[in-house]
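We name chains A, B, ... by the order of the sequence lines, and we start the count at 1 in each one.
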There are 2 protein chains.
Amino acid sequence: MSQSDTVKRILDAAEVLFAEKGFAETSLRAITSRAGVNLAAVNYHFGSKEALIQAVFERYLTPFCQALDAKLEELEGESRNGGEVPLEKLLLLASRLALGSHGDEPRRAMIFFRLSGQAYSQPQDHLRAWLREHYGPVFRRFLALLRRAVPDVPPMELFWRVHFSLGAVIFTLSGMESLQAISKKDFNQTVTATHITQQLLPFVAGGIRGGG
Amino acid sequence: MSQSDTVKRILDAAEVLFAEKGFAETSLRAITSRAGVNLAAVNYHFGSKEALIQAVFERYLTPFCQALDAKLEELEGESRNGGEVPLEKLLLLASRLALGSHGDEPRRAMIFFRLSGQAYSQPQDHLRAWLREHYGPVFRRFLALLRRAVPDVPPMELFWRVHFSLGAVIFTLSGMESLQAISKKDFNQTVTATHITQQLLPFVAGGIRGGG
DNA sequence: GCTAGTTTAAAACGTCTGTTTTCAGGCGTG
DNA sequence: CACGCCTGAAAACAGACGTTTTAAACTAGC
């Protein structure tokens with residue numbers, strides 16, 4: 001029982017509340033109250049609030065990155081004895097994994113995108129540095145495949161365009177509730193995460209190829 | 001003297017500190033201390049911390065939106081008796097105004113982009129609703145011109161792609177310091193705001209046109 | 001049954017927060 | 001001069017916060 005019930009309930013509650021209100025605005029008391037556990041349990045199991053935040057990210061990101069890493073290895077094998085991996089295939093892979101690597105529950109993916117948005121706009125370096133250190137290799141691996149998919153885009157421009165794409169994804173999906181309201185009002189159309197992802201793919205593909 | 005010296009100094013300090021550390025993490029004491037004014041001055045002049053945040057946005061956004069509005073009216077006049085406004089021209093206009101509508105000081109623009117990032121990831125509705133209410137018309141005006149620049153993109157897809165672009169811009173520019181460090185390490189190239197904007201334009205143009 | 005690890009309950013700690021108040025002076029306008 | 005507005009200094013307020021502590025239960029494994 002490496003993962004006791006209390007730990008899991010704390011992580012679940014923290015995940016939702018951090019996404020809803022942000023890190024600083026979410027108190028440990030709110031978390032433990034929602035989780036139905038004792039206030040002291042957080043510091044008992046995690047040591048500090050900061051460590052809890054990292055644990056929330058780790059629980060989500062590790063399975064996703066492992067899945068992505070495995071798929072990328074597959075693709076590298078395919079592309080070694082054959083043609084390059086097309087851009088659309090790479091993007092589709094990432095999006096499918098991001099939305100579906102946790103038991104087909106896009107709502108959790110949505111929560112996590114909000115979390116990522118908060119993490120990135122958070123100017124404290126701890127978290128960002130930690131993320132880069134732990135998940136940088138997978139990112140670079142993905143970038144390498146991408147580079148071969150669009151060889152006419154100079155490496156540095158590609159670097160920036162990938163970050164632009166990340167911005168588009170995280171920003172949009174983390175502000176989705178408000179955008180949903182507008183979309184419903186202006187176009188009378190409800191919007192789901194998978195729907196947005198479908199809209200995102202041509203945008204990102206077009207952006208990475210560049211439209212001068 | 002509608003704008004006393006104290007008010008200006010508070011706004012200046014708040015702008016920088018909010019961008020650096022976020023809203024919740026910046027105390028009124030830090031602001032007044034940096035501004036060299038009394039703690040009570042904030043509540044005296046603005047009424048509350050929330051009102052101060054809005055004031056910071058207002059001071060920056062109002063001149064920018066006025067300038068944008070004027071330029072858009074120009075363009076509407078041109079396009080009425082003539083062809084459409086090309087997409088690149090619209091994007092270039094917006095970017096130039098965003099960077100230069102405050103006396104050619106891109107550093108302030110950068111600060112403000114960080115601010116916008118914080119505002120958008122902030123889930124409290126007040127600020128977002130307030131921004132939408134005050135600056136929605138200009139945004140819709142810009143969108144209308146955009147629609148005519150890319151008539152083959154369905155309105156709803158265009159709506160989303162504009163938000164994707166916003167995300168790319170705000171996300172990238174609000175996390176620029178960290179990205180600068182990576183870029184310098186990997187490509188040995190220093191990066192300025194104008195430089196990023198140049199990189200952004202083809203990405204956004206390609207994304208909005210869509211690259212299926 | 002003893003022991004070690006969990007969990008709860010409750011209270012307290014010190015600190016920081018936004019906000020308010022009080023008192024004092026400064027400044028220009030009528 | 002007197003009045004109103006701005007500013008400064010200082011203190012206090014009540015509340016929330018992260019964290020720690022103490023004590024008493026529970027729950028397994030040896």
| task | Return yes if a side-chain donor-acceptor contact under 3.5 Å exists between T62(B) and Y135(B), otherwise no. | result |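 Yes, Y135(B) and T62(B) have a side-chain donor paired with an acceptor closer than 3.5 Å.
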| message | Quick check on side-chain hydrogen bond (donor to acceptor under 3.5 Å, both in side chains): which of R108(B), R34(B), R59(B) does D12(B) satisfy it with? | response |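 With D12(B) as partner, R108(B), R34(B), R59(B) yield a single side-chain hydrogen bond (donor to acceptor under 3.5 Å, both in side chains), made by R59(B).
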| said: So T26(B), base contact, sugar-phosphate only, or nothing? Heavy-atom distance under 4.0 Å. | reply: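 Sugar-phosphate contact only - T26(B) comes under 4.0 Å of backbone atoms but never of a base.
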| field | Sub-6.0 Å ring centroid separation between F57(B) and F112(B) | value |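 Yes; F112(B) has its ring centre under 6.0 Å from that of F57(B).
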Rounded interatomic separation in angstrom, taking [atom1] from [X] and [atom2] from [N]:
X: D5(B); N: dG26(C); atom1: CG; atom2: P; result: 18 Å
X: F46(A); N: dT7(C); atom1: CZ; atom2: C1'; result: 14 Å
X: N43(B); N: dC13(D); atom1: CG; atom2: C1'; result: 13 Å
X: I53(B); N: dG18(C); atom1: CD1; atom2: C1'; result: 12 Å
X: E50(A); N: dC17(D); atom1: CD; atom2: P; result: 17 Å
X: L28(B); N: dT19(C); atom1: CG; atom2: C1'; result: 9 Å
X: K49(B); N: dG15(D); atom1: NZ; atom2: P; result: 19 Å
X: R9(B); N: dC6(D); atom1: CZ; atom2: P; result: 17 Å

Side-chain N or O of [X] versus OP1/OP2 of [N]: is the shortest distance under 4.0 Å?
X: T6(B); N: dC6(D); value: no
X: H45(A); N: dG5(C); value: no
X: Y44(B); N: dT7(D); value: no
X: S27(B); N: dC16(C); value: no

| said: Can you list everything that forms a side-chain hydrogen bond (donor to acceptor under 3.5 Å, both in side chains) with E74(A)? Sequence neighbours excluded, please. | reply: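 Not a single residue meets the side-chain hydrogen bond (donor to acceptor under 3.5 Å, both in side chains) criterion with E74(A).
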| query | Any stems for DNA chain D, made of 3 or more Watson-Crick or G-U pairs in a row, each with both distances under 3.5 Å? | reply |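 Result, WC/G-U stems under 3.5 Å: C:1-4 with D:27-30, C:6-23 with D:8-25, C:27-30 with D:1-4.
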Has the side chain of [X] got a donor or acceptor atom that lies under 3.5 Å from a matching backbone atom of [Y]?
X: T172(B); Y: V169(B); value: no
X: K49(B); Y: V42(B); value: no
X: T26(A); Y: L17(A); value: yes

Distances for protein N/O vs nucleotides 9-12 of chain C N/O pairs under 3.5 angstrom?
from, atom 1, to, atom 2, distance (Å)
dA9(C), N7, N38(A), ND2, 2.9

| request: For side chain to side chain contact (heavy atoms under 4.5 Å, CB included), just list the numbers for R132(A) and F139(A), CA-CA rounded to whole Å, side-chain angles, deciding distance to a tenth of an Å, and then say yes or no. | output: CA-CA 9 Å; R132(A) 190 161 41 241; F139(A) 177 73; over 6 Å; no
| task | Work out which heavy atom in F46(A) is nearest to a heavy atom in A55(A); give both atom names and the distance. | result |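 Looking at all heavy atoms of both residues, the closest pair is CE2-CB, 3.7 Å.
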